[in-house]
Amino acid sequence: MSLHFTQIHFRYRRSRRPIFDDFSWEVPAGRTVLLGPNGAGKSTLLALGADALRPHRGAVRLPSLAHTQNRRRGSRAAYRRAVGWMPQQIRPVPGLTIHEQVAYAGWLKGLPRSQAWSAAATALEQVALIELAGRKTATLSGGQLRRVGLAQVLIHDPQIILLDEPTAGLDPAQRSRFRELLVALPPDRPVVVSTHQVDDLSDLFDTVVVLDHGHVRFSGSVAAFMDLATPSAGERRAEAAYAQIVSEKN
Amino acid sequence: MRRLTMLRISPLIWISPLLVWPAWMFVTSMASLQLDPYPLTLTAAGTAALLIVAPVCAAGGAWEGGRLRRAGWFTLPHVRTPLTVAITALLPTLLVGSLITFGIIGIRLVIGGVLLPDIRMIITTLVILTTHTLLGFAIGVRMPVVVSVPLVFLVDFFALGLPLTLDPLWLRHLTGIWPSCCLIGADLAPAALLGALVFTGGLAVTAGLLLHPHLTAFRLALALLPAIIGAGAGVQFVRGFGPDPTIARDPALLVCSTGQPRVCVWPEHQPRLEEVAAIAASAGAAWQQAGIAVPDEFSEGQPGSPTVRGFGFSMRSDHYTILNALAYSLLPPWPECAFSGISPYLGAPAEGYVLAWLNTIAGMPPEQLAGRFSPDQLQVVATVRALPLERQQAWLERNLVALEQCNIPPQLEPAL
């Protein structure tokens, strides 16, 4: 149960340079951290995986849905429901409470209205927001909104979870809280987290992938990644390993 | 989204009490114009509320579209289709708009003593309301709410109201709102209905296509095509109509009396058929005694033969207004010059004199005559009535000929 990117070609309308050209990658099992400099294509890759963007060539597939993989509406709906994507920006829907917004997200992902309402309560318990369920989302802090975003992903019980910069802009306490939520995510579902933060990698992730200029520069275990650091790096081994990979190729 | 949530956050729910007062003013001001319990007339008059309600709903749609735009949700990879998302978000808006419009129509019908509305008008109203609200939503997801809501309201208000003031007259029929349709003897022309539905349908398809999450310039151009095609086809249907797009009502619906002369009325007038037949019988006997040829039938439908004369009345008409209508039906139809204005209609002044004479013969009391005719006309008629019957008939014949022709002057003074 994984996500396959096969010979992807994608560029933005107003850009001459493609972000991905003949790009292939298979999302590994377990928790994967996607590292890379700004403009490396991390967010684009996750958006392609979520079907928010479409590749000009190539295919993005979930093998578990292989028999239905085509452009027909039904198969697209099944695909979108199977992939949970949390974009960088989580914005409140004006007028809605936390419970209503998460339930609405579930309904948009195809859940029946009543099921979405009850599933929203479960998702809010998972992200520890159930006590604030009646609050308007417009009044929430950045960290709380990210948790709402995660609940919006969890509500439709996706087969794979893609989180785009979930801790960007959060203070250390909020980041720590969000990490706890990541650890508590269902272990049987592949999770991909794009981030610039390389601290605590070994506590959270099984695999490290470094993306740069639309190419996978490194893919391996956290231990293998750390081994790339020079011995003098001390406690900042992850940063050193990352710098080693990115500087090697540029 | 839960229904309760949808109702709680809908702006239309909150502003609906503000619409009740203007709606009530509208109902009461229009009620005085109501003449007959004809479902088409009453329903059509009620649909005039769309001139206000549809722009308000369109603005409400823009607000709902703006809500999803502000949240950045409309372009996310949902499982529900954009149309499903839009229609669901618009349900409270459509509910309020429909309740107000159909409430007004319902009150008009109840005041008019009618139970069922004209179903064609109801369907058209629903199509118009849904289309305008959906268009508002489609614009709302593309523009900031501070721009889209007032813009949609104003554009929609003028788009619906302005054609009513513009030439050519047929242009207004594309909007699908016919507040002055129709007199009891007329039916809405199917071509007008079709034209309005084709035009509005084109707009609805355009609105649906504008909901594409990734709207490129090409898709935008493609989305505008149905509206353009719908407008073109709609114009073909309505071109040539006057202010009211009507056809004659099906004469098979007429209800007739059994006496002589026969009286045929529209089913809505059936409660007064016996009374009208009695007036026709009494007046007919008087006219026959005066040597006037009385037709076999007085009909509210279009007369199809020389022995049938057309007349009309309303449920509010009194005894003598009906008598006057029957007398008027005995006059010859106006000649062509009366409509074209190319040559003068010299016989026109005779109409009032002849009509006063016919009413006098049929027994209309002096106070009723005084309310309908001028002292000059009544003076002349009194002089004519004092003459022997043969001379009265000769006076009548001369003036009927003048009424039928364009260039024959009337001879009103019996001395001539």
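Proteins get letters first, then strands, A, B, ... in listed order; numbering begins at 1 in each.
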Under 3.5 Å, is there a donor-acceptor pair between the side chain of [X] and the main chain of [Y]?
X: B:S10; Y: B:L7; answer: no
X: A:R13; Y: B:T216; answer: no
X: A:T137; Y: A:L96; answer: yes

Q.
If you count heavy-atom pairs within less than 4.5 Å of chain B, which of A:Q152, A:H156, A:Q89 leads?
A. A:Q152
(Q) Can a side-chain donor-acceptor contact be found between B:T93 and B:E64 if the only test is distance below 3.5 angstrom? (A) no
Measure distances from [X] to the heavy atoms of chain B and classify the residue's part below 4.5 Å as side chain, backbone, both or neither.
X: A:S114; answer: neither
X: A:A105; answer: both
X: A:P94; answer: both
X: A:W107; answer: both
X: A:L53; answer: neither
X: A:Q101; answer: both

**Q.** Qualifying residues under side chain to side chain contact (heavy atoms under 4.5 Å, CB included), relative to A:A120, sequence neighbours excluded
**A.** A:H99, A:V102, A:A103, A:I155
(Q) Within the structure provided, determine whether A:F20 and A:P55 are in side-chain contact (heavy-atom separation under 4.5 Å). (A) no
(Q) Does any backbone or side-chain atom of B:T88 lie under 4.5 Å from a heavy atom of chain A? Answer side chain, backbone, both or neither. (A) side chain
